[in-house]
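Counting convention: from 1, in listed order, for ligands and their atoms alike. By convention here, the first residue in the shown sequence is residue 1.
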Amino acid sequence: MTEPTDNRSLRARAEARFHEESAREAHLSSEESQRLIHELRVHQIELELQNEELHRAQQELAIAHDRYLDLYDYAPVGYLTLSRDGRILQANLACERLFAIARKALLGHSFSHFVARDAQDHYHLFLQHLQRTHAPQTVDLRMTRADGTPFWAHLEATVQAAVTKEDMAYRMTLTDVTVVHLLQEREQRMLYTVAHDLRTPATIIKGYLSFLLELLPEEAAEQGRSIVEAERRALRRMDLIVNDLTEATYLQSGQLVIETEPVALAPYLRDLLEQLAGVLETARITVEIPTGLPAVLADPARLERIFINLLLNAQKYSAPDTPIHISAHQQGTEVVVSVRDQGQGIPAEDQPHLFELFYRAPTGRKAEGIGLGLYITSKLVEAHGGQLRVESELGKGSTFSFTLPCKPRSK
Ligand code: ADP
């Protein structure tokens with residue numbers, strides 16, 4: 001504490017100045033003394049005014065501080081300050097409600113104490129990331145209140161400016177997002193039930209169609225076969241939608257597991273298009289894969305879903321008989337695969353939303369669809385470590401491109 005020393009030295013300097021000035025004043029005429037007294041008086045008033053100003057500023061500061069405290073304490077979200085090792089240093093009143101514990105009892109507790117057991121790894125990774133990057137981070141965590149009831153919290157954290165590493169602290173806001181998660185879980189259960197309920201009758205119909213074909217008399221076989229084949233194709237399309245729904249439930253519940261292996265695109269696409277001859281208008285599709293293109297690391301079944309979704313869209317949103325072109329090229333350690341059509345194109349304002357769940361551009365609403373395909377395709381591409389992009393011009397056509405990692409060259 002240096003203040004008393006400072007005060008003492010200020011006093012000593014003032015006394016010295018007073019003696020100096022008294023000595024000078026002893027020689028002053030009465031007119032000069034009058035002027036000096038006037039000066040001193042004005043100076044004194046100035047000081048008094050400054051003092052009043054200071055007092056007012058101090059009062060305003062106190063009011064602002066109280067207002068800030070009210071805002072902090074009565075905010076609808078929880079505010080927390082955590083020490084570097086994750087202990088709660090400060091908390092607002094909303095935290096009492098969120099954690100079902102008095103604020104006093106909360107302080108000093110480790111934040112991880114309230115994180116659900118199965119979310120601990122997730123939380124520690126989040127903190128490590130925050131510590132390493134110093135950039136704001138967000139996460140949704142499953143948590144447990146002091147009374148044992150579970151809840152979902154959305155956390156936003158920043159690193160508080162500090163002089164030393166030891167002083168480092170985190171500021172967090174915490175919002176209860178349990179309702180959102182319950183709705184998502186319900187949506188997932190609904191998707192799963194719909195997918196399951198559709199799959200069972202589809203399998204039965206498929207079986208009956210084969211049986212029907214065998215029962216048809218010889219002379220009716222030709223016509224009958226084409227009808228049954230058309231129905232089989234329709235069923236195959238329904239299968240694809242059911243697969244998309246199932247995949248969506250896996251994606252949303254975080255259960256998607258991909259198993260990658262090296263895939264050489266040229267033979268892979270040749271086989272795939274052969275198999276899909278009944279489902280896709282393969283005559284419209286051309287493929288251009290440069291020789292020497294490295295194999296990609298992909299899950300073959302998921303890669304099939306990516307291609308089917310993009311090719312079905314290209315076909316669906318363009319005029320019959322217009323070409324659809326698949327091409328690929330290497331870019332650094334990745335391969336970029338593109339599916340290009342000469343269809344109706346997509347308005348620029350819709351393009352940023354195409355990969356959202358159930359989004360359909362108004363231009364495409366005449367065609368059958370539910371807005372699931374591109375959402376799943378983008379998530380599947382991301383699960384491979386790649387990215388899906390779109391370039392499109394109204395009336396000219398669209399190109400959907402995705403990246404996949406190359407298989408590293410063996411030394
Ligand atoms: P769906 O085709 O079932 O509507 P998608 O998720 O596959 O769902 O596509 C979302 C939307 O993107 C479509 O409704 C359509 O408006 C637009 N779209 C996708 N692919 C194309 C394409 N190749 N050409 C034009 N519009 C497209």
If you scan protein heavy atoms around atom 7 (O) of ligand 1, the nearest is Asn313 ND2, 2.8 Å
May I have all residue pairs that pass side-chain hydrogen bond (donor to acceptor under 3.5 Å, both in side chains) and include part of residues 326-339, sequence neighbours excluded?
Ser338-Ser401
Under 4.0 angstrom from ligand 1, any heavy atom of Phe400?
yes
Parallel, tilted or perpendicular: which describes the rings of Phe111 and Phe99, with under 30° parallel and over 60° perpendicular?
perpendicular
Does Leu354 come within less than 4.0 angstrom of ligand 1, counting non-hydrogen atoms of the residue?
yes
Examine Ile346 against ligand 1 and note whether any of their N/O atoms are separated by less than 3.5 Å.
no
Centre-to-centre under 6.0 Å for Phe307 and Phe400, is that the case here?
no
Mark up the atoms of ligand 1 that fall under 4.0 Å of a heavy atom belonging to Leu372, in ascending order.
6 (O), 8 (O)
Give the atoms of ligand 1, by number and element, whose distance to some non-hydrogen atom of Tyr359 is under 4.0 Å.
10 (C), 11 (C)
Any idea which atoms of ligand 1 are less than 4.0 Å away from a heavy-atom of Ser398?
24 (N), 25 (C)
Check whether Lys407 reaches the backbone of Val263 with its side chain - one donor and one acceptor, N or O, closer than 3.5 Å.
no
Aromatic contact, Phe355 with Tyr375 (centres under 6.0 Å):
no
Looking at ligand 1, does Asp341 have a heavy atom less than 4.0 Å from it?
yes
Under the ring pair (Phe, Tyr, Trp, His ring centres under 6.0 Å) test, residues paired with His109 that sit two or more places apart
His113, Phe114
Look only at the side chain of Ser392 and the backbone of Ile346, and say whether a donor-acceptor pair between them is shorter than 3.5 Å.
yes
I'd like to check which ligand 1 atoms, numbered from 1 as shown, lie under 4.0 Å from a non-hydrogen atom of Gly369.
3 (O)
Would you mind checking which non-hydrogen protein atom is closest to atom 24 (N) of ligand 1, with the distance to 0.1 Å?
Tyr317 CB, 3.3 Å
List ligand 1 atoms under 4.0 Å from Lys316, heavy atoms only on the residue side.
1 (P), 2 (O), 3 (O)
State, without any angle test, whether Tyr268 and Glu304 hold a side-chain donor-acceptor pair at a distance under 3.5 Å.
no
Answer yes or no: does an N/O atom from Tyr375 fall short of 3.5 Å to an N/O atom of ligand 1?
no
When you measure from the heavy atoms of Gly343 to every atom of ligand 1, does any distance fall below 4.0 Å?
no
What is the nearest protein non-hydrogen atom to atom 4 (O) of ligand 1, stated with its residue, atom name and distance?
Arg360 NE, 2.5 Å
Taking side-chain contact (heavy atoms from CB on, under 4.5 Å) as the criterion, tell me which of Arg340, Arg284, Gln342 meets it with Pro323.
Gln342
Numbering the atoms of ligand 1 from 1, which are under 4.0 Å from a heavy atom of Gly371?
1 (P), 3 (O), 4 (O), 6 (O), 8 (O)
Leu357, Val339, Leu374: member with heavy atom nearest to atom 6 (O) of ligand 1
Leu374
Any luck finding a side-chain donor-acceptor pair between His154 and Thr175 under 3.5 Å?
no
